[in-house]
Amino acid sequence: MDRTREEVAATLQIAKLNAEDFRSTVHCLTFNRAFNSGDYSLMELDDALCKEIEAGGSLVIRGEKSDHAVLCSESKTYDLKIADTSNLLLFIPGCKTPDQLLADQQEVNVVRCEIAGFSNHYWELRRCRPKLKKLKKLLMENTYDGPENQGNRDNDTSLYTTEDLLNQIQASNEELSEHLKVIHACNIKGFWRILDFDYEMKILNHVTQLVDSESWSFSKVPLNECLQELRPLEPEEMIEHCLNCYGKKFKEDDVIYFALNEDKICRATAQMLLQNAVKFNLAEFQEVWQQSVPEGMTTRTDQLKGLALVDRTSRPETVCLLKTEDLPEDTQERFNSLFTMREKWMEADIAPYIKDLCGEKQTIGALLTKYARCSVQNGIKLYNSRRPIS
């Protein structure tokens, strides 16, 4: 039923409200005949996401049936959680907010609006880490170990395009692209592949041996000459991919060079040595490790952070392979796994294995305070689990 101006004035009078304290536009609300509370969902967006939508961007909800759904923008991932509200939220198409109304309008204007639906909850977004552990698992189903060994394998096992991965991985486009670089994935004929580690090390050895034989500097490896010399041994795209993984491209006098990263090469060599051993005598490992890296490079134990665990309490001291990427993705499960391996940790030892769990503006110290208990033994600060570990 429509209201008249007189009825509006009478209502204000009964409520003992002064009409001069309000805008002159009055919205008269009625329910739509097709009114349904389940037709709409509300989502609260921050300013950055609003601007992204207004600029023509899109938001995508990702996750399989067994996953907790996340929402992804072009560059970030958000947890989706339902927030209840005690106030009923009405959906009113065409309803104007005070800033959209004329400020100097004198005469009362009754605007008729229909309520299309309502809700007493909305979706709340919270920034979260992308769930990327599944990415490497998918790509490891079919590793690439050279063109001569592929045969019909490409047709027999799963291969994934970027679109395929976005449909299965709960991450934004940018986060997925960045992690593909981190795990050394390579795009071969439109499909993302991970090189078999032994094959990757084989190519890296070709490169470092060439650098040594040509007396090049590790900080200035010419791309074209490198491709020309190694072309008979491996495909050019694999050689350049290896240079991208273990070096940084730069241009000088229109010539493309790569500066090889000493830490990355030393880490890869350490992984090669440790992958088939349960534990390694630390002193013996350090000797073999230094002998295995290219001449001119120096190995250091800090290069093993997040890759290998050094036990200085055992006699003799030992080292074993423990990669961050092999640990659980969930924060509590990660801490449970770490405290199962070792009852007490020094912060310097545990930090590399929980650093990736830190959210925006969250420190390793804050994470340890929440999930671990601190004690001091012989002047050394140690951390153990807050809950019993079975």
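Here, residue 1 is the first one in the sequence, and each next residue gets the next number.
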Does Ile194 belong to the same Ile/Leu/Val/Met/Phe/Trp/Tyr cluster as Phe191, with side-chain heavy atoms less than 4.5 Å apart forming each link? no
Taking everything shown except Glu237 itself, do over 12 heavy atoms lie less than 6.0 Å from its CD? yes
Sub-3.5 Å donor-acceptor pair from the side chain of Asp311 to the main-chain atoms of Thr313, do we have one? yes
Mind running side-chain hydrogen bond (donor to acceptor under 3.5 Å, both in side chains) on Gln332 and Asn336 for me, showing each step along the way? CA-CA 6 Å; Gln332 186 61 66; Asn336 290 347; 3.0 Å; yes
Within 6.0 Å of CD in Glu295, more than 12 heavy atoms from elsewhere: no
Taking everything shown except Gln13 itself, do over 12 heavy atoms lie less than 6.0 Å from its CD? no
Do side-chain atoms of Arg193 reach the backbone of Asn142 as a donor and acceptor pair under 3.5 angstrom? yes
Glu240 with Lys249: basic N within carboxylate O range, under 4.0 Å: yes
If every non-hydrogen atom of Gly306 is compared with every non-hydrogen atom of Pro352, which pair is closest and at what distance? N-CB, 3.5 Å
Give a yes or no on whether the backbone of Glu74 and the side-chain of Glu52 come within a donor-acceptor separation of less than 3.5 Å. yes
Tell me whether the count of non-hydrogen atoms from other residues, nucleotides or ligands lying under 6.0 Å of CE in Met140 goes above 12. no
For Phe258 against Asn244, the heavy-atom pair lying closest together: CE2-OD1, 3.4 Å
Answer yes or no: is there a donor N or O on one side and an acceptor on the other, between the side chain of Asp164 and the main chain of Thr161, under 3.5 Å? yes
Does either side chain, that of Gln168 or that of Tyr160, offer a donor lying less than 3.5 Å from an acceptor on the other one? no
How many angstroms lie between atom CG of Leu382 and atom OG of Ser375, to the nearest 0.5 angstrom? 5.0 Å
Looking just at side-chain N and O atoms, do Thr162 and Trp192 make a donor-acceptor pair shorter than 3.5 Å? yes
With a cut-off of 6.0 Å (strictly less than), are more than 12 heavy atoms of other residues, nucleotides or ligands near CZ of Arg386? yes
N/O donor-acceptor pairs under 3.5 Å from side chains in residues 53-70, not counting sequence neighbours:
residue, atom, partner, partner atom, Å
Arg62, NE, Leu166, O, 3.1
Arg62, NH1, Ala171, O, 2.7
Glu64, OE1, Lys134, NZ, 3.4
Glu64, OE2, Lys134, NZ, 3.2
Asp67, OD2, Glu64, N, 2.8
His68, NE2, Leu80, O, 3.1

Single-linkage hydrophobic cluster, 4.5 Å side-chain cutoff, Phe339 and Leu357 together: yes
Under a 3.5 Å cutoff, is there a donor and acceptor pairing between the side chains of Glu200 and Tyr246? yes
Within the distance-only criterion (no hydrogens, no angle test), does the side chain of Glu329 pair as donor or acceptor with the backbone N or O of Lys133 below 3.5 angstrom? yes
Is Asp47 atom CG crowded by more than 12 heavy atoms from other residues, nucleotides or ligands, each under 6.0 Å away? no
Indicate whether the side chain of Gln290 and that of Thr299 have a donor and an acceptor atom separated by less than 3.5 Å. yes
Mind checking side chain to side chain contact (heavy atoms under 4.5 Å, CB included) for Leu233 and listing every partner two or more places apart, or none if nothing turns up? His206, Leu230
Under a 3.5 Å threshold, yes or no: a donor from one side chain and an acceptor from the other, between Glu175 and Ser172? yes
CE of Met346: more than 12 outside heavy atoms within 6.0 angstrom? no
For Lys323, the salt bridge (Lys or Arg N to Asp or Glu O under 4.0 Å) test, sequence neighbours excluded, returns Glu325
Ion pair check, Asp79 and Lys81, cut-off under 4.0 Å: no
Applying a strict under-4.5 Å side-chain criterion to I, L, V, M, F, W and Y, I'd like to know whether Phe197 and Ile203 cluster together. no
Using the salt bridge (charged side-chain N to carboxylate O under 4.0 Å, His left out) rule, take Arg312 and Asp349 through it: C-alpha gap first, then chi angles, then the decisive distance, then the call. CA-CA 11 Å; Arg312 298 192 182 278; Asp349 290 338; over 6 Å; no
Contact summary for Leu90 and Phe118, nearest pair of heavy atoms: CD2-CB, 3.9 Å
Donor on one side chain, acceptor on other, Asp263 and Gln303, under 3.5 Å: yes
Check this for me, if you would: do Glu236 and Arg231 make a salt bridge, where the nitrogen-to-carboxylate-oxygen distance has to be below 4.0 angstrom? yes
Do Asp356 and Arg334 meet the salt-bridge criterion of a basic N to acidic O distance under 4.0 Å? yes
For Ser385 against Arg373, the heavy-atom pair lying closest together: O-NH1, 3.3 Å
May I ask you to decide whether Lys220 forms a salt bridge with Glu252, counting only side-chain N to carboxylate O separations under 4.0 Å? yes
Determine the minimum heavy-atom distance between Tyr353 and Leu309, stating which atoms define it. OH-N, 3.7 Å
